[in-house]
Amino acid sequence: MQNELVSDIYETLLGKIGHLQWWPADTPFEVVIGTILTQQTKWTNVEKAIEALKMSDLIEPEKLADADVEQIEELVRCCGFYRQKARRLQDIAGFFATEGMDNIFSLPTDELRKIMLSLKGVGNETADSIVLYAADKPKFVIDAYTTRIMKCIGIEGNYMQLQSLFEAGLPSDVPLYKEYHALIVEYAKNYCGKKQCEDCALVHRFREKEVNNG
DNA sequence: CACCAGGTTGACC
DNA sequence: GGTCAACATGGT
């Protein structure tokens, strides 16, 4: 059954990598900033930008919303797409400043997700990352690595289909969702390069399983 | 020098 | 529903 597959993958990754703690940030709003900045960019660049924003005392909705957009551009330049990211960060900051971050984050999970999706620059993955890692609510994050790994194993689907698969196969548990996504990213970064794909323990293990079962 | 990175959007079938 | 170029810097 595919329901077991999801927890089997988790156990395999956990055994290979060990427990992980995510998301590295001092405050929920810092998580939000990180979700935008990390789009299509390495985390080391995000760290530099966050540090720069901290130096300018801008890791707060009101302050970021009131800053000059040109200043934000310079501070986040190292993350790429810096002009649109600066504007989107400022928009989101303005939204949280107006509505109150605590008010927004205490909404029901699905409503929160919908509202996050309505912000420019926030798509499925970013919305779910905010819901899970900033608001601490159970939503499983699907990213390019997850999609790639599942396709390797032989399971294809769009974002919502894969998310449903994972959520159906797991207890609704925030720390578990957080760690599972972190494990997938770590695994994929270290073991799913083009060269490594041939020795991908995960893929081999589950392909064999499939043969045995079927 | 070419290619990719924890992605989103708007335009177009 | 799906596909595609644009968005841009930094590291291998």
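We name chains A, B, ... by the order of the sequence lines, and we start the count at 1 in each one.
- The aromatic ring centroids of A:Tyr180 and A:Phe166 lie less than 6.0 Å from each other.
- Summarising the geometry, atom OG belonging to A:Ser118 is positioned 12.0 Å from atom CZ belonging to A:Arg113; distances are rounded to the nearest 0.5 Å.
- Outside the 6.0 Å centre-distance limit, the rings of A:Trp22 and A:Trp43 are not counted as a close aromatic pair.
- Scanning residues 70-99 of chain A for heavy-atom distances under 4.0 Å to DNA chain B yields A:Phe81, A:Gln84, A:Arg88.
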Going by atom type alone, with no hydrogens or angles, which donor-acceptor pairs under 3.5 Å involve a side-chain atom of residues 96-109 of chain A and a protein atom two or more places apart or on another chain?
unit_1   : atom_1 : unit_2   : atom_2 : d
A:Thr98  : OG1    : A:Gly94  : O      : 2.8
A:Asn103 : ND2    : A:Glu99  : O      : 3.0
A:Ser106 : OG     : A:Asp102 : O      : 2.7
A:Ser106 : OG     : A:Asn103 : O      : 3.0

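- Distance, A:Lys189 NZ to C:dT12 P: 13 Å, rounded to whole Å.
- When rounded to the nearest whole Å, the span between CD of A:Gln163 and C1' of B:dG7 equals 16 Å.
- Between the side chain of A:Tyr187 and the main chain of A:Ile17, no donor-acceptor pair closer than 3.5 Å is present.
- Atoms CG (A:Leu37) and C1' (B:dG6) sit 13 Å apart, rounded to a whole Å.
- Straight-line distance from the CG atom of A:Asp143 to the P atom of B:dT8: 10 Å, rounded to whole Å.
- Between A:Lys85 and A:Ile36 the shortest heavy-atom distance is CE-O, 3.5 Å.
- A:Val76 is not listed as a side-chain neighbour of A:Val46, based on a closest heavy-atom distance of 4.5 Å or more.
- A:Gln40 has its CD atom 5 Å from the C1' atom of B:dA5, to the nearest Å.
- Judged purely by distance below 3.5 Å, without hydrogens or angles, the side chains of A:Glu125 and A:Tyr159 never pair a donor atom with an acceptor atom.
- For the segment residues 117-133 of chain A, residues with any heavy atom less than 4.0 angstrom from an atom of DNA chain B are, sorted by number, A:Leu119, A:Lys120, A:Gly121, A:Val122, A:Gly123, A:Asn124, A:Glu125, A:Thr126.
- Below 30°, between 30° and 60°, or above 60°: for A:Tyr133 and A:His181 the angle between ring planes is between 30° and 60°, a tilted geometry.
- With P as the reference atom, B:dC4 and C:dA5 are 14 Å apart, rounded to whole Å.
- For A:Glu74, the salt bridge (Lys or Arg N to Asp or Glu O under 4.0 Å) criterion is met by A:Arg77, not counting sequence neighbours.
- Using a 4.0 Å cutoff on non-hydrogen atoms, the parts of residues 44-61 of chain A near DNA chain C are A:Asn45, A:Lys48, ordered by number.
- Within the 4.5 Å cutoff, side-chain heavy atoms of A:Leu64 are placed close to those of A:Phe29.
- Using a distance-only test at 3.5 Å, with no hydrogens or angles considered, a donor-acceptor pair links the side chain of A:Thr12 to the main chain of A:Asp8.
- Rounded to whole Å, the P atom of C:dC4 lies 22 Å from the corresponding atom of B:dG6.
- Between atom CD of residue A:Gln21 and atom NE2 of residue A:His19 there is a gap of 10.5 Å, rounded to the nearest 0.5 Å.
- Distance, A:Ile36 CD1 to B:dG7 C1': 9 Å, rounded to whole Å.
- Checking the phosphate oxygens (OP1, OP2) of B:dC4, no side-chain nitrogen or oxygen of A:Arg148 falls inside 4.0 Å.
- When each of A:Asp128, A:Asp136, A:Asp173 is checked for a salt bridge (charged side-chain N to carboxylate O under 4.0 Å, His left out) with A:Lys178, only A:Asp136 meets the rule.
- The CD1 atom of A:Ile149 sits 12 Å away from the P atom of B:dG6 (whole-angstrom rounding).
- DNA chain B lies under 4.0 Å from at least one heavy atom of each of the following residues of residues 23-31 of chain A: A:Trp23.
- In this structure, the CD atom of A:Gln161 is 12 Å from the C1' atom of C:dG2, given to the nearest Å.
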